[in-house]
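Written below as structure tokens is the structure these notes are about.
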Amino acid sequence: MKPVNWRSVDLNFLVAFAALMETRSVTRAAEKLSIGQSAMSHNLSRLRTLLDDPLFHRQGNEMQQTARAFELEPVITPLLDTIATDVLTPVSFEPKQYSGPIRIGLTDYAELVFAPALFDVFREQAPHCQLSCHPVDRVNYREALKNDQVDVVLGAVQTEDPVLLMENLYTERHVCLFDPHSTGLSAPLSLDDYTKTPHALV
DNA sequence: TAAACATGCCTTACCAGTGT
DNA sequence: ACACTGGTAAGGCATGTTTA
């Protein structure tokens with residue numbers, strides 16, 4: 001097949017061709033596309049060069065299609081329809097139709113809190129998706145996202161990375177449990193006492 | 001002769017390349 | 001990053017050509 005010089009190909013030529021086929025008039029086709037008669041005539045001239053065929057012959061006040069134009073019409077018309085409907089119309093995401101993978105990175109705590117509910121929600125709203133959960137922690141979650149190992153991360157993590165988008169899901173209240181005898185502390189616990197005392201974050 | 005198409009020339013917009 | 005420049009293409013104006 002001969003290589004195509006796409007620089008010389010313009011989608012508007014096909015639109016002009018369709019308008020000419022419909023109106024069989026340069027002037028009316030120009031009106032239909034809201035351009036001047038000369039502009040449409042130029043378009044027809046470029047089409048003729050591109051397709052190496054006169055495409056239309058003037059016969060009185062009407063432009064008669066050539067055999068080549070009749071050949072091209074059933075190709076070009078559905079092509080324009082396809083472009084209008086399948087290419088230029090924005091597609092909306094339908095979770096129920098989606099059958100691809102969804103990879104969620106979860107910290108230990110997030111897995112404990114969210115995993116069962118996530119499973120139920122995905123099974124109901126995106127029953128065909130391939131849901132997988134991946135263990136991450138506060139250290140490696142950035143790498144997991146940037147290396148495309150997960151699509152989203154759930155957990156008590158913070159990021160200043162402008163590439164990563166973050167949304168706060170909820171605020172949780174933490175409590176401090178301590179043994180007054182072994183620590184020698186008493187309630188209420190001051191911040192100073194808390195920070196001075198060895199402790200574990202669970 | 002009027003209507004419609006074709007064409008030369010011009011303006012404008014866009015893009016790529018180049019220099020600062 | 002920005003400005004400048006040259007090439008290219010689209011579209012309009014004016015006018016020539018064609019046809020009934």
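As a basis for the values below, the full set of heavy atoms in this structure was taken, side chains included, without hydrogen atoms, waters or symmetry mates. Just so it is clear: chains get the letters A, B, ... in the order the sequence lines come, proteins before strands, and each one is counted from 1.
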**Rounded distance [0.5 Å steps], CD1 in A/I76 versus CZ in A/F13** = 12.0 Å

**Request:** Could you check how far CE of A/M40 sits from C1' of C/dC13, rounded to whole Å?
**Result:** 17 Å

**Fill in**
To the nearest angstrom, the CG-C1' distance between A/L55 and B/dA6 comes to 15 Å

**Message:** Can you say whether a donor on the side chain of A/Q37 sits under 3.5 Å from an acceptor on the base of B/dA6, or the other way round?
**Reply:** yes

**Asked** Taking the side chain of A/H42 as heavy atoms from C-beta outward, which of B/dC5, B/dA6, C/dG12 is closest to it?
**Response** C/dG12

**Prompt:** Just how far, in rounded Å, is C1' of C/dG12 from CG of A/L33?
**Reply:** 16 Å

**Request:** Select base, sugar-phosphate, or nothing to describe what A/R48 touches, counting heavy atoms under 4.0 Å on all strands.
**Result:** sugar-phosphate

**Message:** Rounding to an integer number of Å, can you tell me how far A/L44 CG sits from B/dA4 C1'?
**Reply:** 13 Å

**Prompt:** Counting any heavy atom closer than 4.0 Å, what does A/M63 reach on the DNA or RNA strands: base, sugar-phosphate only, or nothing?
**Reply:** sugar-phosphate

**Request:** Can you measure from CZ (A/F122) to NE2 (A/H128) and round to the nearest 0.5 angstrom?
**Result:** 14.5 Å

**Asked** Whole-Å distance between C/dT19 C1' and A/Q64 CD?
**Response** 14 Å

**Request:** Please check the phosphate of C/dA10 (OP1 and OP2 only) for any side-chain N or O of A/R46 closer than 4.0 Å.
**Result:** yes

**Request:** In whole angstrom, give the distance that lies between atom NE2 of A/H57 and atom P of B/dC5.
**Result:** 15 Å

**Message:** Side chain of A/T27, heavy atoms from C-beta onward: which of C/dG12, B/dA4, B/dA6 has the nearest atom to it?
**Reply:** B/dA4

**Prompt:** Does the C/dG12 base have a donor-acceptor partner in the side chain of A/S38 within less than 3.5 Å?
**Reply:** yes

**Message:** Donor-acceptor check, side chain of A/D151 to backbone of A/R103, threshold 3.5 angstrom: yes or no?
**Reply:** yes

**Interatomic distance, A/L47 CG vs B/dA6 P [rounded to whole Å]** = 12 Å

**Prompt:** Is any side-chain N of the basic residue among A/R28 and A/E31 closer than 4.0 Å to the acidic one's carboxylate O?
**Reply:** no

**Request:** Scan A/S41 against the nucleic acid and name what it touches under 4.0 Å (heavy atoms): base, sugar-phosphate only, or nothing.
**Result:** base

**CZ/A/R48: more than 12 non-hydrogen atoms of other groups inside 6.0 Å** = yes

**Asked** What does A/S45 touch in the nucleic acid at a heavy-atom separation under 4.0 angstrom: a base, only the sugar-phosphate, or nothing?
**Response** nothing

**Asked** Do any side-chain nitrogens or oxygens of A/N43 fall under 4.0 Å of OP1 or OP2 in C/dG11?
**Response** yes

